[in-house]
Chemist: 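Before I ask anything, let me first share the structure, which is written out below as structure tokens.
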Amino acid sequence: MSRTSVIPALDLLDITVVRDGRIILNGVSLRVEPEQRWLVLGPNGSGKTTLVRIAALHDHPTRGAVRVMGETLGETDVRTLRRRIGWVSASFAEQLRPALQCLDVVMTAKNAALEPWWHQYDAEDRRRARRCLDARGVGDLADRPFGSLSSGEQQRVLLARSLMNEPGVLILDEPSARLDLGGREQLVAALTELVEGASSPPLVLVTHHLDEVPPGMTHVILLRDGSVLRSGPITTTLDDDALSECFGLRLRIVRRPDGRLSAWSVR
């Protein structure tokens, strides 16, 4: 198969969102090819979460086209297609019953459900869920109630859940937002293993903190006030000038030897 015939994992074209007369996104396009890992950067209110909720088929745009793995929003069964999208967000943990066992948290992703009693599961489903937990370093938590875990442990369990269906694309919306320093570093380590894995799906990560970005991200899109400032390969697109314009503050980026990024303001 030629490069030009490869179907992108995600293709958002000229996405515009207007709510109560206010423009949230203004003609934003994002095309995620296989083996790409995209970083979505921008300050609060720039439209990051709106963009990825549309990509995950949780919201609809006012205008524009949404295609996921070749399927077009509005022309396909969203309930079925959504199962092929791995989704992790800081707020998702609040939707889960605290007494639910972590194994069930992961296993119910098979049917995009929040409880195991709505569908039937077999021994292979349970084995698959355990393998996902083991792969993210939290296999020992399989029988623990989800609500008894630390925030960092919960996010790693949710990361395992996002991989239960071997998704065609993985979307992470500020997964470190509610974590302390230790939890954040544990999650970044888990994300680094995922990003660097040869069999990992294409990925979109939303954040506004460079310290939370795992090494290995290939592309970046910078948003401000609902519009794209820059978009392209991270090595040539993300620099001091671009980040400063994005956040409205003079910033300097430091790339550490281990591939991690940091940024701070300069005078």
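Values reported hereafter were calculated over all heavy atoms of this structure, with side chains retained and with hydrogens, waters and symmetry mates removed.
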Chemist: Is the shortest side-chain N to carboxylate O distance from Arg256 to Asp258 below 4.0 Å?
Modeler: yes

Chemist: Determine, using the 4.5 Å side-chain heavy-atom cutoff (strictly less than), whether Leu229 and Val204 are members of one ILVMFWY cluster.
Modeler: no

Chemist: Is it true that, when you exclude Arg97 itself, more than 12 heavy atoms of the residues, nucleotides or ligands shown sit nearer than 6.0 Å to its CZ?
Modeler: yes

Chemist: Is it the case that the side chains of Thr62 and Arg19 hold a donor-acceptor pair, with the cut-off being a distance below 3.5 Å and no angle test?
Modeler: no

Chemist: Of Asp59, Asn44, Asp173, which is the lone residue that meets side chain to side chain donor-acceptor pair (under 3.5 Å) with Thr49?
Modeler: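 When Asp59, Asn44, Asp173 are each tested with Thr49, the side chain to side chain donor-acceptor pair (under 3.5 Å) holds only for Asp173.
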
Chemist: If I compare all heavy atoms of Val169 with all of Ala9, which pair ends up nearest, and what's the gap?
Modeler: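 Val169 and Ala9 have their closest heavy atoms at CB-CB, 4.1 Å.
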
Chemist: If you define the side chain from C-beta out and look only at heavy atoms, does anything of Pro214 sit under 4.5 Å from Leu187?
Modeler: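 Sidechains of Leu187 and Pro214: no contact.
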
Chemist: Do side-chain atoms of Asp14 reach the backbone of Arg63 as a donor and acceptor pair under 3.5 angstrom?
Modeler: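 Not confirmed, Asp14 side chain does not pair with Arg63 backbone.
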
Chemist: Of the non-hydrogen atoms in Asn165 and Lys110, which two are nearest, and what is the gap between them?
Modeler: OD1-CA, 3.1 Å

Chemist: Whether the side chain of Thr16 engages the backbone of Gly27 through a donor-acceptor N/O pair (distance < 3.5 Å, no angle test) should be reported.
Modeler: yes

Chemist: Do Tyr121 and Asn111 pair up side chain to side chain, a donor and an acceptor below 3.5 Å, judged on atom types alone?
Modeler: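 Yes.
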
Chemist: Mind checking the CG-CZ spacing from Leu103 to Arg144? Nearest 0.5 Å is all I need.
Modeler: 14.0 Å

Chemist: Test Arg82 against Trp87 for side chain to side chain contact (heavy atoms under 4.5 Å, CB included), laying out the working first.
Modeler: CA-CA 9 Å; Arg82 195 177 286 151; Trp87 169 254; over 6 Å; no

Chemist: Roughly how far, to the nearest 0.5 Å, is OG of Ser262 from CZ of Arg255?
Modeler: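 The distance works out to 11.0 Å.
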
Chemist: Restricting to non-hydrogen atoms, name the atom on Val106 and the atom on Val157 that form the minimum distance, rounded to 0.1 Å.
Modeler: CG2-O, 3.8 Å

Chemist: Side-chain heavy atoms under 4.5 angstrom apart, residues restricted to Ile, Leu, Val, Met, Phe, Trp, Tyr: same cluster for Val213 and Leu251?
Modeler: yes

Chemist: Quick check on side chain to side chain donor-acceptor pair (under 3.5 Å): which of Arg127, Arg128, Arg126 does Glu124 satisfy it with?
Modeler: Arg127

Chemist: Taking 4.0 angstrom as the limit, do Arg156 and Glu153 come out as a salt bridge?
Modeler: no

Chemist: Is there side-chain contact between Leu39 and Ile221, with heavy atoms separated by less than 4.5 Å?
Modeler: no

Chemist: Take Glu174 and Lys48 through the side chain to side chain contact (heavy atoms under 4.5 Å, CB included) test and state the conclusion after the steps.
Modeler: CA-CA 10 Å; Glu174 299 190 35; Lys48 303 186 304 296; 3.8 Å; yes

Chemist: To the closest 0.5 Å, what do you measure between SG (Cys246) and CG (Leu223)?
Modeler: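 Result: 7.0 Å between the selected atoms.
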
Chemist: Around atom CD of Glu35, are there more than 12 heavy atoms from other residues, nucleotides or ligands closer than 6.0 Å?
Modeler: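 No, the 6.0 Å shell around CD holds no more than 12 heavy atoms from other groups.
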
Chemist: Mind running side-chain hydrogen bond (donor to acceptor under 3.5 Å, both in side chains) on Ser91 and Arg178 for me, showing each step along the way?
Modeler: CA-CA 9 Å; Ser91 61; Arg178 302 181 182 183; 5.4 Å; no

Chemist: Kindly compute the distance separating OG1 (Thr218) from CH2 (Trp38), expressed to the nearest 0.5 Å.
Modeler: 7.5 Å

Chemist: In Å, rounded to the nearest 0.5 Å, how long is the span from CD of Gln154 to SG of Cys102?
Modeler: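 So the CD of Gln154 and the SG of Cys102 are separated by 8.0 Å.
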
Chemist: According to a 4.5 Å side-chain heavy-atom criterion applied to Ile, Leu, Val, Met, Phe, Trp and Tyr, with indirect links allowed, do Leu12 and Ile23 form part of one hydrophobic cluster?
Modeler: no

Chemist: Do Leu205 and Val40 have side chains that approach each other closer than 4.5 Å (heavy atoms only, starting at C-beta)?
Modeler: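 No, their side chains stay 4.5 Å or more apart.
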
Chemist: Sub-3.5 Å donor-acceptor pair from the side chain of Thr192 to the main-chain atoms of Val188, do we have one?
Modeler: yes

Chemist: Salt-bridged, Arg224 to Glu245, with N to O below 4.0 Å?
Modeler: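 So Arg224 does not pair with Glu245 through a salt bridge.
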
Chemist: Would you say the side chain of Arg184 lies within less than 4.5 Å of the side chain of Asp211, judging by non-hydrogen atoms?
Modeler: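 Yes - at least one pair of side-chain heavy atoms lies under 4.5 Å apart.
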
Chemist: Which atom names give the shortest non-hydrogen contact between Arg31 and Val6, and what distance separates them?
Modeler: NH2-O, 4.4 Å

Chemist: Would you give the length of the straight line joining atom CG of Leu203 to atom CD1 of Ile171, rounded to the nearest 0.5 angstrom?
Modeler: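 Interatomic distance, Leu203 CG to Ile171 CD1, rounded to 0.5 Å: 9.0 Å.
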
Chemist: Determine whether a donor-acceptor pair (N or O, by modelled atom type, separation under 3.5 Å) exists between the side chain of Arg37 and the backbone of Pro201.
Modeler: yes

Chemist: Check whether any side-chain heavy atom of Val138 lies under 4.5 Å from a side-chain heavy atom of Leu159, and answer yes or no.
Modeler: no

Chemist: Among Val220, Leu249, Ile253, which residue satisfies the side-chain contact (heavy atoms from CB on, under 4.5 Å) criterion with Leu243?
Modeler: Ile253

Chemist: What heavy-atom pair brings Ala263 and Leu210 nearest, and what distance separates the two atoms?
Modeler: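 Heavy-atom minimum between the residues: CB-CD1, 3.7 Å.
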
Chemist: Under the criterion side chain to side chain contact (heavy atoms under 4.5 Å, CB included), I'd like the reasoning laid out for Asn26 against Asp225: C-alpha separation, chi angles, the key distance, then a yes or no.
Modeler: CA-CA 9 Å; Asn26 187 15; Asp225 297 328; over 6 Å; no

Chemist: Give a yes or no on whether Val206 and Ile15 share a hydrophobic cluster (residues Ile, Leu, Val, Met, Phe, Trp, Tyr; joining criterion: side-chain heavy atoms under 4.5 Å apart).
Modeler: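 Yes; tracing contacts between hydrophobic side chains, which count when under 4.5 Å, links both residues.
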
Chemist: What are the two closest non-hydrogen atoms of Val66 and Ile54, and how far apart are they?
Modeler: CG2-CG2, 3.6 Å

Chemist: Measure the shortest side-chain to side-chain distance between Arg136 and Leu163 over non-hydrogen atoms and say whether it is less than 4.5 angstrom.
Modeler: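 SC-SC contact between Arg136 and Leu163 confirmed.
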
Chemist: What residue among Met69, Gln36, Glu33 forms side-chain contact (heavy atoms from CB on, under 4.5 Å) with Pro8?
Modeler: Glu33

Chemist: Taking C-beta and beyond as the side chain, do Asp239 and Arg230 meet within less than 4.5 Å on heavy atoms?
Modeler: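 Sidechains of Arg230 and Asp239: in contact.
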
Chemist: Under the side chain to side chain contact (heavy atoms under 4.5 Å, CB included) criterion, do Leu114 and Phe92 qualify, and how do the steps go?
Modeler: CA-CA 10 Å; Leu114 298 179; Phe92 186 76; 3.7 Å; yes

Chemist: Are Leu10 and Val28 connected, step by step, through hydrophobic side chains (Ile, Leu, Val, Met, Phe, Trp, Tyr) whose heavy atoms are closer than 4.5 Å?
Modeler: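 Same cluster: Leu10 reaches Val28 through Ile, Leu, Val, Met, Phe, Trp or Tyr contacts under 4.5 Å.
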
Chemist: Between the main-chain N or O of Ile234 and the side-chain N or O of Thr237, is there a donor-acceptor pair closer than 3.5 Å?
Modeler: no

Chemist: Would you say Val68 and Leu73 make side-chain contact, with heavy atoms under 4.5 Å?
Modeler: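 They are not in contact (no side-chain heavy atoms under 4.5 Å apart), so the answer is no.
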
